[in-house]
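Each remark here refers to the structure printed beneath this line.
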Amino acid sequence: MDYMKTYAQWCTDPYFDAETKMELKDIESDTAEIEDRFYRRLEFGTGGLRGVIGAGTNRMNIYTVRQATQGLANYIISQNGQKKGVAIAYDSRRMSPEFADEAALCLNANGIHTYRFESLRPTPELSFAVRHLGCIAGIVITASHNPREYNGYKVYWEDGAQITPPHDKNILAEVAKVTEFSQVKTMDRQEAQAQGLYEMIGSGIDDLYMEQLKEQSIHPELIQKAAGDIKIVYTPLHGTGNIPVRRVLKELGFEHVYVVKDQELPDGSFPTVAYPNPEDEKAWTLALALAKEKDADIVLATDPDADRLGVYAKDTKTGEYVSFTGNMSGMLIAEYILRERTAKGTMPENPALVETIVTTDMAKAIAAEYGTALIEVLTGFKYIGEQIKLFEQENSHHYVFGLEESYGCLAGTYARDKDACVAVMMLCEAAAYYKLQNKTLWDAMLDMYEKYGYYKEGLATLTLKGIDGAKQIQEMMSAARSNPPKTLGGFQVLAVRDYKEDVRTDMLTGETVPTGLPASNVLYYELENNAWCCVRPSGTEPKIKYYFGVKGTSLEDAAEKLQALKQDMVKEA
């Protein structure tokens with residue numbers, strides 16, 4: 001792509017609005033900035049778009065959103081899905097309502113009915129709406145937990161999960177065919193509404209979604225017993241979680257829920273945090289201050305589209321609040337569900353726990369304890385959602401719970417994506433259960449470590465932006481493939497799984513077998529003593545990610561082992 005030629009076209013073509021041209025005029029002397037904005041089209045990956053908001057082919061703007069939507073529309077038409085329609089939701093980020101409208105009107109101009117939420121909603125509610133309304137697809141305008149300058153566009157298929165093969169590759173191919181803006185259709189909103197193509201949805205879906213959340217409760221009677229004593233602090237981090245999270249907790253009967261006032265209302269500039277991510281400890285400053293003021297038992301934060309949940313819980317011995325990883329909170333919920341459903345006699349036949357390959361191995365121990373199948377899938381919650389569909393089609397298992405290390409989980413099958421609203425609900429119910437035993441969630445976590453072993457996991461990332469970044473990442477992956485290490489962090493490498501080549505190689509015998517999972521640019525190292533590590537490029541950001549897991553004899557032992565493995569792995573790869 002001749003980026004200067006494309007830049008000039010955007011500055012002069014009447015197709016582009018005056019505001020876009022003014023923004024581009026302001027960078028006319030900055031060649032590097034022009035290059036970064038125009039050296040490529042913003043990549044439509046297997047999940048959709050994600051990028052910095054701004055003018056240019058490599059940015060999130062109304063034109064790149066329309067272009068992507070035209071490709072999606074073409075694929076929907078090829079599948080005869082026009083009448084089924086597309087549900088559209090959006091979060092609190094800048095330009096989210098505008099992008100949602102542009103997507104709807106492009107689909108409408110192609111004769112496709114759209115159901116657009118009247119205001120911002122959590123991503124998991126969109127997943128629920130797709131299935132409830134019988135849509136062919138769904139779109140969520142969100143950049144999840146990325147920094148404030150980003151926005152994104154995620155595509156769902158009729159099963160309610162983010163697109164998986166073959167639809168992901170087919171949609172990607174259709175989007176790639178839309179090379180000129182002259183190929184893109186759009187129409188006036190009033191005209192679309194008059195033709196019955198553009199439909200607003202809202203409270204009706206909210207009520208049905210809320211009922212599905214509450215149906216996941218195992219012991220509502222315990223909530224009633226503890227509701228007057230347990231104290232909960234919550235922050236939506238300026239995102240979509242405020243209304244649904246507070247509503248479900250209120251309807252379940254929790255009496256003391258304190259919301260961080262300065263982070264309560266939606267705001268795409270995220271004024272109180274640099275990075276609206278519950279994984280970032282800096283995002284917790286206000287919530288932890290309120291927790292100490294109220295003497296809270298549990299502190300919760302959801303990301304902007306409310307599909308990820310972060311947790312702190314009080315250590316009764318020190319009075320301090322302890323941070324939980326996504327693995328830890330996921331394991332608390334998993335054991336609570338499996339244990340209490342088993343005890344209550346409500347566990348379905350052939351139950352299954354589903355996790356990604358980079359999620360804690362404690363899940364395997366918990367699943368074995370309760371006679372539950374443990375299914376591993378590739379990184380990305382869409383593969384967990386896909387398993388629910390496959391279980392139903394094959395009548396093989398009944399999904400009980402699914403989780404990934406990156407703060408996402410799902411109890412129930414009403415949605416097919418991770419849901420922080422149900423995670424909040426289940427964790428608060430578990431907290432109530434333990435409160436009646438004079439325990440906090442941290443006490444419960446320590447009990448699990450004693451029972452199953454001191455599992456600990458970590459993550460390191462390396463960001464490589466710009467034209468050369470993607471090339472460097474691929475070179476790093478190629479080097480790792482051609483020269484696999486024999487030891488990592490003092491652990492012997494027992495086997496290497498190369499998911500791109502679909503081969504698992506036993507490093508002791510040389511024997512090879514298929515991985516059994518779809519092709520993906522991922523390397524996974526099985527190490528001795530229940531340790532492991534994994535490396536893969538991010539699917540949504542210019543990063544290479546390193547994952548690590550160990551099993552120790554104590555918290556200190558596990559931390560030491562993990563640090564040694566982390567240092568060696570990042571250096572090695």
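The model shown is predicted, which means the values in this text are computed figures rather than measured ones.
- Take V503 and apply the side chain to side chain contact (heavy atoms under 4.5 Å, CB included) test, not counting sequence neighbours, and it matches D498, E501, T505, T512.
- The ring pair (Phe, Tyr, Trp, His ring centres under 6.0 Å) check on Y499 picks up nothing, with sequence neighbours excluded.
- Shown here is K456, whose NZ atom has no more than 12 heavy atoms of other residues, nucleotides or ligands within 6.0 Å.
- The backbone N or O of A87 sits nowhere less than 3.5 Å from a side-chain atom of Y156 that would complete a donor-acceptor pair.
- Between the NZ atom in K364 and the CG atom in L374 there is a gap of 5.5 Å [rounded to 0.5 Å].
- Here F270 pairs with nothing under the ring pair (Phe, Tyr, Trp, His ring centres under 6.0 Å) rule; sequence neighbours left out.
- In terms of modelled atom types and a separation under 3.5 Å, the side chain of R148 and the main chain of S269 share a donor-acceptor contact.
- When the side chain to side chain donor-acceptor pair (under 3.5 Å) test is applied to S127, no partner is found at least two apart in sequence or on another chain.
- By the side chain to side chain donor-acceptor pair (under 3.5 Å) test, T379 is found to be paired with no residue, residues two or more places apart in sequence or in another chain being considered.
- Residues that satisfy the side chain to side chain donor-acceptor pair (under 3.5 Å) test with D557, not counting sequence neighbours, are T553, K561.
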Handout entry: Working for side-chain contact (heavy atoms from CB on, under 4.5 Å), residues N146 and R93
Key = CA-CA 10 Å; N146 279 53; R93 288 180 179 273; 4.2 Å; yes
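- Between atom SG of residue C533 and atom CG of residue L527 there is a gap of 4.5 Å, rounded to the nearest 0.5 Å.
- Scanning for salt bridge (Lys or Arg N to Asp or Glu O under 4.0 Å) contacts around E404 gives K418, with sequence neighbours left out.
- A side-chain donor-acceptor contact under 3.5 Å links N110 to the backbone of C106.
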Problem - Candidate pair N170 and E174, rule side-chain hydrogen bond (donor to acceptor under 3.5 Å, both in side chains), full reasoning - result: CA-CA 6 Å; N170 293 341; E174 288 294 340; over 6 Å; no
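- A distance-only check finds no donor-acceptor pair linking the side chain of E457 to the backbone of T359 [under 3.5 Å].
- Of the possible polar contacts, one joining the S482 side chain to the S478 backbone as a donor-acceptor pair under 3.5 Å is found.
- For Q79, the side chain to side chain contact (heavy atoms under 4.5 Å, CB included) partners at least two apart in sequence or on another chain are Y75, W157.
- To the nearest 0.5 Å, atoms CD (Q387) and OH (Y399) are separated by 10.5 Å.
- Residues E23 and R37 are paired through a salt bridge, judged by an N-O separation under 4.0 Å between the basic side chain and the carboxylate.
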Problem - CA sep, side-chain torsions, deciding dist, call: M477, K500, side-chain contact (heavy atoms from CB on, under 4.5 Å) - result: CA-CA 11 Å; M477 293 298 295; K500 186 177 182 181; over 6 Å; no
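- Atom OG of S406 and atom CZ of R308 lie 4.0 Å apart (nearest 0.5 Å).
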Exercise for the section: Kindly indicate, with the supporting measurements, whether the criterion side-chain contact (heavy atoms from CB on, under 4.5 Å) is fulfilled by L565 and L488. Expected result: CA-CA 6 Å; L565 180 56; L488 284 168; 3.8 Å; yes
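- Side chain of N58 to backbone of D36: a donor-acceptor contact under 3.5 angstrom is found.
- Note that CG of D307 is 11.0 Å distant from CG of L410, once rounded to the nearest 0.5 Å.
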Exercise for the section: With side-chain hydrogen bond (donor to acceptor under 3.5 Å, both in side chains) as the test, would you mind laying out the steps for D91 and T123 before giving the verdict? Expected result: CA-CA 8 Å; D91 71 2; T123 286; over 6 Å; no
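- Counting heavy atoms from C-beta on, the side chains of K471 and E475 come closer than 4.5 Å.
- Between E392 and R416 there is a salt bridge, since at least one side-chain N of the basic residue sits less than 4.0 Å from a carboxylate O of the acidic one.
- Here the closest non-hydrogen pair linking K154 and D417 is NZ-OD2, 4.5 Å.
- In terms of modelled atom types and a separation under 3.5 Å, the side chain of E125 and the main chain of P122 share no donor-acceptor contact.
- Residue pairs satisfying the ring pair (Phe, Tyr, Trp, His ring centres under 6.0 Å) criterion with at least one member in residues 47-68, sequence neighbours excluded, are listed as follows: W10-Y63, Y15-Y63, F16-Y63.
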Exercise for the section: List the steps, then state whether side-chain hydrogen bond (donor to acceptor under 3.5 Å, both in side chains) holds for D305 with T240. Expected result: CA-CA 5 Å; D305 65 326; T240 61; over 6 Å; no
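- Heavy atoms only, all atoms of each residue included: G408 and F381 are closest at O-CE1, 3.9 Å.
- Judged by distance alone, the side chain of T325 and the main-chain N or O of M328 form a donor-acceptor pair under 3.5 Å.
- Closest of all the heavy-atom pairs between A363 and L353 is O-CD2, 3.8 Å.
- Taking every heavy atom of both residues into account, I76 and A137 meet most closely at CD1-CB, 4.2 Å.
- By the ring pair (Phe, Tyr, Trp, His ring centres under 6.0 Å) test, W532 pairs with Y524, sequence neighbours left out.
- For D168, the side chain to side chain donor-acceptor pair (under 3.5 Å) criterion is met by no residue, not counting sequence neighbours.
- Contacts of Y547 classified as ring pair (Phe, Tyr, Trp, His ring centres under 6.0 Å), with partners at least two apart in sequence or in another chain: none.
- The nearest pair of heavy atoms linking L172 to G45 is CD1-C, 4.1 Å.
- Between A334 and F401, the closest heavy-atom pair is CB-CD2, 3.7 Å.
- Rounding to the nearest 0.5 Å places CZ of R41 at 10.5 Å from CD of E43.
- A donor-acceptor pair under 3.5 Å links the side-chain atoms of D419 to the main chain of C421, judged by distance alone.
- Under a 3.5 Å cut-off, the side chain of N277 and the backbone N or O of A283 do not form any donor-acceptor pair.
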Practice task
Assess whether side-chain contact (heavy atoms from CB on, under 4.5 Å) is satisfied between Q67 and V175, documenting all intermediate values.
Solution key: CA-CA 7 Å; Q67 199 169 18; V175 171; 5.9 Å; no
